[in-house]
Amino acid sequence: MTEQVDRERLWALYRRLWVAFGPQGWWPAESPFEVAVGAILTQAVSWRNVSAALDRIKAAGALSVEALLAAPPGRLEEWLRPTLYFRAKAAKLRTFLEAVRAAGGLEALWAGPPAEARARLLAIPGIGPETADDMMLYGAGQPVLVVDAYTHRILVRAGVVPAGRFRYEPLRRGLEAAFAPPDVPRFKEFHALVVRLGKDYCRPQPRCGPCPARAVCATGRAQPGEEEQGALGDVEPGRLP
Ligand code: SF4
């Protein structure tokens with residue numbers, strides 16, 4: 001099943017966010033392995049907390065498969081304490097690290113066609129679709145779009161997808177089809193820009209007044225004063241990926 005996506009509105013939103021926010025350069029990591037660890041730690045918590053936990057691990061010189069697996073459980077939990085549910089995350093991280101070791105390393109785990117690599121990640125307990133796709137896109141550099149409930153809420157408000165229940169796979173497939181052909185830089189920027197929009201403006205209570213996406217958003221355009229924001233997709237995107 002594939003979500004129905006209004007391609008014109010999607011591209012207009014993407015262009016508008018690109019012009020408003022510029023390149024986001026996400027994901028902030030020094031290695032694919034750091035992306036993978038961060039993808040597990042970021043579940044249900046802000047990046048600031050993840051960053052604090054990663055700093056603790058780095059300060060201990062333990063940002064590697066073997067060093068993390070060699071750490072006593074209490075030590076690992078202490079490093080992860082800044083993240084929510086740190087005991088559960090420590091257990092998930094250990095399970096993932098054991099899978100990496102069993103595969104012969106991260107590159108081996110990510111090797112092959114994206115669909116096969118993704119299936120291997122999803123087979124690891126504790127790795128859900130968003131975590132797997134964070135790793136695929138930002139760690140392995142594979143053309144797999146990342147979506148989440150926040151993306152869905154924004155796209156419904158913007159009129160890009162119809163209102164309804166968030167379903168991960170249909171939305172991911174629908175957006176990938178609308179953005180075809182697959183493009184890693186584009187997928188990276190789109191997800192990061194939507195996260196930025198959700199953090200700064202399109203919160204549970206949206207701040208439509210100052211929102212830079214208002215002119216291309218069905219919800220924003222339905223409010224008074226939208227004329228000042230310009231027509232749908234009228235911005236110059238420059239070097240849009
Ligand atoms: S205009 Fe309002 S509803 Fe639309 S993206 Fe911005 S904050 Fe969200």
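Counting starts at 1 for both ligands and their atoms, following the listed order.
Shown in contact with Arg157 at under 4.0 Å from a heavy atom are these atoms of ligand 1, numbered in order with element: 3 (S). Residue Pro206 has at least one heavy-atom neighbour below 4.0 Å for each of these atoms of ligand 1: 2 (Fe), 7 (S). For ligand 1, the atoms lying closer than 4.0 Å to a non-hydrogen atom of Thr219 are 3 (S). Counting atoms of ligand 1 from 1 in the listed order, those under 4.0 Å from a heavy atom of Tyr201 are 7 (S).
Remark: side-chain polar atoms of Thr83 are not paired, donor with acceptor, to backbone N or O of Phe86 under 3.5 angstrom.
Taking backbone and side-chain atoms together, Cys202 has an N/O/S atom less than 2.8 Å away from atom 8 (Fe) of ligand 1. Not a single N, O or S atom of Cys211, from either the backbone or the side chain, sits less than 2.8 Å from atom 2 (Fe) of ligand 1.
Between the side chains of Tyr168 and Asp133, at least one donor-acceptor pair of N or O atoms lies under 3.5 Å. Side-chain contact annotation: Lys92 with Gln43, donor-acceptor N/O pair under 3.5 Å present. No side-chain N or O of Asp134 forms a donor-acceptor pair with one of Thr131 less than 3.5 Å apart.
Put simply, the side chain of Arg9 does not reach to within 4.5 Å of the side chain of Cys217, judged on heavy atoms.
For atom 2 (Fe) of ligand 1, the closest non-hydrogen atom of the protein is Cys208 SG, 2.3 Å.
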Walk me through whether Arg173 and Glu3 qualify under salt bridge (Lys or Arg N to Asp or Glu O under 4.0 Å). CA-CA 7 Å; Arg173 279 199 289 267; Glu3 188 71 77; over 6 Å; no
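Evaluated by nearest non-hydrogen atom to atom 3 (S) of ligand 1, the leading choice among Cys217, Pro210, Gly209 is Cys217.
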